[in-house]
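We're numbering straight along the sequence, starting at 1.
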Amino acid sequence: MSRYNEAKEIYAKIGVDTEKAIETLMNVPVSVHCWQGDDVVGFDSKEALSGGIQTTGNYPGKASCPEELAADIEKAFSLIPGKKKLNIHACYAVFENGDFADRNEIQPKHFDFWVRFAKKLGIGLDFNPTCFSHPMVKDGLTLSSPDETTRKFWVDHCKACIKISEYFAEQTGIPTVMNIWIPDGYKDIPADRMGPRARFKKSLDEILSVPYDKSKVYITLESKVFGIGVESYTVGSAEFTLSYSANNGLTPLMDNGHYHPTEVVSDKISSLLLFNEKVALHVTRGVRWDSDHVVLFDDETKEIAKEIVRNDALDRVFIATDYFDASINRISAWITGVRNLQKALLFGLLEPSDEFKKLQDENDMTSLMVKQEELKTAPIGDVWEEFLMRNSTESDYLTAVKEYEKTVLANR
């Protein structure tokens with residue numbers, strides 16, 4: 001008997017159908033962020049990375065042009081099983097005919113490079129306005145700036161991004177998630193907390209005046225507790241973004257590195273699902289003050305995945321990754337993080353949720369603890385290997401990554 005068939009029987013004894021788990025996971029798309037491949041540099045500005053974001057490390061082989069980035073993404077995708085989308089930031093516009101446009105004037109044509117790439121791979125595209133690393137970020141502020149010229153520039157940028165997002169959806173046939181996040185805030189205690197948030201609200205109202213097909217574009221709004229250089233106050237706090245989303249029909253987006261270190265997004269998912277048709281996630285790994293480490297198969301990643309599965313919300317949660325590590329091979333970082341997220345989803349799918357809920361409702365917390373702990377050593381690895389095999393994906397990706405590094409990355 002194969003190891004998978006033995007695992008199948010073990011899980012069957014606790015009421016879990018591994019075939020159903022594998023089939024379900026096959027159809028869960030993960031939106032993979034493009035910016036791991038070039039350290040969030042992009043192609044439209046020579047400004048240094050800013051906005052409370054910092055990429056550390058100088059591992060060789062960073063992509064420095066669209067063709068290199070696309071090749072690296074394609075290599076990573078070939079070693080990641082299951083369904084995928086590609087998440088693009090606006091700073092990755094490709095001006096193929098020297099037709100440069102500043103961010104407030106970008107058009108769908110400036111992303112045809114990525115549309116062709118998506119069609120080649122048969123995937124969808126997600127999108128993000130890039131409100132950082134640009135000369136028009138004035139005093140660290142964008143959509144909340146008291147300078148009207150600055151504020152209007154970023155409003156126009158986000159309006160343009162809605163049109164590009166709709167273009168992506170029309171071209172790929174797959175809805176696009178467009179996420180708005182701003183780095184606005186202050187290093188020290190502000191004298192006026194209300195003013196910047198009122199201006200941010202006004203900006204969002206103006207952005208949403210652009211008509212768009214809500215069946216094709218889902219606009220999300222992301223919060224952050226603090227960033228480098230904006231430790232004392234961020235305009236787009238959790239309270240602001242959740243309130244605005246609820247009042248304006250947007251989808252709330254939670255990045256699990258954007259909260260206080262003692263907060264966990266896994267505990268927030270059920271609350272948001274009760275009040276929102278859709279919820280969006282950026283899955284990352286926070287370490288103390290930094291939020292953008294490669295996703296591991298750790299407790300919080302597993303809890304996030306279990307909450308989605310337990311609440312039958314795989315079709316209601318937009319799942320994306322968001323991290324950037326320049327200290328290790330960037331392609332390996334992509335593969336490791338996305339595979340761990342998928343593995344966490346499989347872990348959730350292999351849980352006898354109904355039985356566990358029943359034990360909780362009966363207040364048999366002793367049995368619940370014992371059974372949950374026993375499940376941790378169940379043979380999920382054998383089911384994962386079967387999932388990889390059915391996706392024609394090798395378990396060992398490190399060999400392929402090292403060969404690509406030797407033949408491609410080392411020559412850059």
Between K302 and E307, is the salt bridge (charged side-chain N to carboxylate O under 4.0 Å, His left out) condition met? List the steps.
CA-CA 9 Å; K302 286 186 280 189; E307 281 298 305; over 6 Å; no
Would you call K216 and E170 a salt bridge, taking side-chain N to carboxylate O under 4.0 Å as the test?
yes
When you look at Y218 and E277, which way does the side chain to side chain donor-acceptor pair (under 3.5 Å) test go after all the steps?
CA-CA 11 Å; Y218 289 85; E277 176 191 353; 4.8 Å; no
D292/R285 ion pair, N-O < 4.0 Å
no
What is the distance from atom NZ of K84 to atom OG1 of T321, rounded to the nearest 0.5 Å?
11.5 Å
More than 12 non-hydrogen atoms from neighbouring residues, nucleotides or ligands closer than 6.0 Å to CG on D17, yes or no?
yes
Run the salt-bridge test on R151 and E148 with the 4.0 Å N-O cut-off and return the result as yes or no.
yes
Ring centroid separation H89 to F132 under 6.0 Å
yes
May I ask you to decide whether E74 forms a salt bridge with K120, counting only side-chain N to carboxylate O separations under 4.0 Å?
yes
Per side chain to side chain donor-acceptor pair (under 3.5 Å), Y92 is matched among T130, D44, N128, D38 by D38
When the aromatic ring centroids of F387 and W384 are compared, is their separation below 6.0 Å?
yes
F127 side chain reached by I219 side chain, heavy atoms, under 4.5 Å:
no
Taking the ring of F240 and the ring of F200, is the distance between their centroids below 6.0 Å?
yes
Test side chain to side chain donor-acceptor pair (under 3.5 Å) on H134 and D102; report intermediate values, then the result.
CA-CA 10 Å; H134 190 277; D102 209 345; 2.7 Å; yes
Expected output: side-chain E263 to main-chain Y259 donor-acceptor under 3.5 Å
no
